[in-house]
Amino acid sequence: MCKHILNAQVAIRAPCCKKWYDCAECHQELEDHPLLKSIEMIFACKKCKKVFRKDITDYDESDEYCPHCDNHYVIKAVTQESKEIQKFENLVKEVKQ
């Protein structure tokens with residue numbers, strides 16, 4: 001489970017070492033080499049567990065969904081920091097009422 005993006009919907013296969021990560025920061029923390037950039041991304045959907053490829057040079061809105069189960073995997077990332085900010089904002093709203 002990714003500690004950086006708490007709602008990650010896919011795992012990404014790093015083209016440099018062929019290992020699976022939830023985000024680029026996870027790769028950076030665990031490997032001793034930079035993440036190799038590639039125009040073809042390989043994803044594993046966390047909902048249906050199936051693998052699929054996407055060509056980043058030919059990417060449109062319909063490519064934001066898993067082709068196997070239609071899981072929307074391009075969503076706003078929830079991080080630990082964003083969760084803390086949301087808690088604070090909710091607390092401020094309660095105090096104002």
Side-chain angles (χ1 to χ4, degrees):
M1 176 162 250
C2 181
K3 67 181 182 181
H4 308 105
I5 302 174
L6 305 178
N7 62 336
Q9 299 294 305
V10 293
I12 303 165
R13 187 171 181 214
C16 43
C17 55
K18 309 292 190 240
K19 295 179 184 175
W20 292 96
Y21 294 96
D22 287 336
C23 76
E25 288 179 68
C26 288
H27 179 276
Q28 182 179 351
E29 286 180 1
L30 297 170
E31 298 298 336
D32 61 357
H33 60 270
L35 181 62
L36 180 68
K37 297 191 186 329
S38 175
I39 60 169
E40 182 181 67
M41 302 284 294
I42 303 173
F43 300 101
C45 178
K46 291 191 173 188
K47 183 177 179 184
C48 70
K49 310 291 188 236
K50 293 186 178 175
V51 175
F52 57 97
R53 297 171 187 264
K54 293 288 181 181
D55 180 347
I56 301 306
T57 61
D58 186 30
Y59 199 87
D60 63 30
E61 193 174 310
S62 67
D63 291 317
E64 295 182 359
Y65 298 85
C66 172
H68 303 290
C69 71
D70 214 30
N71 181 31
H72 193 194
Y73 67 91
V74 179
I75 58 176
K76 183 177 178 180
V78 174
T79 63
Q80 191 61 42
E81 182 179 351
S82 69
K83 282 181 77 173
E84 294 300 321
I85 291 169
Q86 186 63 48
K87 284 181 189 176
F88 177 75
E89 289 173 350
N90 290 341
L91 182 61
V92 169
K93 284 179 187 176
E94 287 179 24
V95 170
K96 286 184 176 182
Q97 291 178 351

Report task. Test side chain to side chain contact (heavy atoms under 4.5 Å, CB included) on Asn71 and Lys46 and set out the steps. Result -> CA-CA 9 Å; Asn71 181 31; Lys46 291 191 173 188; 5.7 Å; no

Requested in this report: Over all heavy atoms of both residues, which pair between Phe43 and Val10 is shortest? Give the atoms and the distance, please.
Outcome: CD2-CG2, 3.7 Å

Query raised in the report: Angle class for the Tyr65/His72 ring planes (parallel below 30°, perpendicular above 60°, tilted otherwise)?
Result: parallel

Query - Heavy-atom check, side chain of Leu35 versus side chain of Pro15, under 4.5 Å - result: yes

Query raised in the report: Quick one: CZ on Arg13 to NE2 on His27, what's the gap to the nearest 0.5 Å?
Result: 12.0 Å

**Report entry** Rounded distance (nearest 0.5 Å) linking atom NE2 of His68 with atom SG of Cys45
**Finding:** 8.5 Å

Query - Atom NZ of Lys18 with >12 non-hydrogen neighbours under 6.0 angstrom - result: yes

Report summary line: When rounded to the nearest 0.5 Å, the distance separating NZ of Lys50 from SG of Cys66 is 8.0 Å

Requested in this report: To the nearest 0.5 Å, tell me how far Glu40 CD sits from Asp58 CG.
Outcome: 12.0 Å

Report task. Check whether Ile39 and Ile12 end up in the same hydrophobic cluster, where Ile, Leu, Val, Met, Phe, Trp and Tyr are linked by side-chain heavy atoms less than 4.5 Å apart. Result -> no

Requested in this report: Give me the other members of the hydrophobic cluster that Tyr21 sits in, counting Ile, Leu, Val, Met, Phe, Trp and Tyr linked by side-chain heavy atoms under 4.5 Å, directly or via other members.
Outcome: Leu30

Query raised in the report: Can you get from Met41 to Phe52 by hopping between Ile, Leu, Val, Met, Phe, Trp and Tyr side chains that sit under 4.5 Å apart?
Result: yes

Query - Spatial distance of atom CD (Gln28) from atom SG (Cys23) [nearest 0.5 Å] - result: 9.5 Å

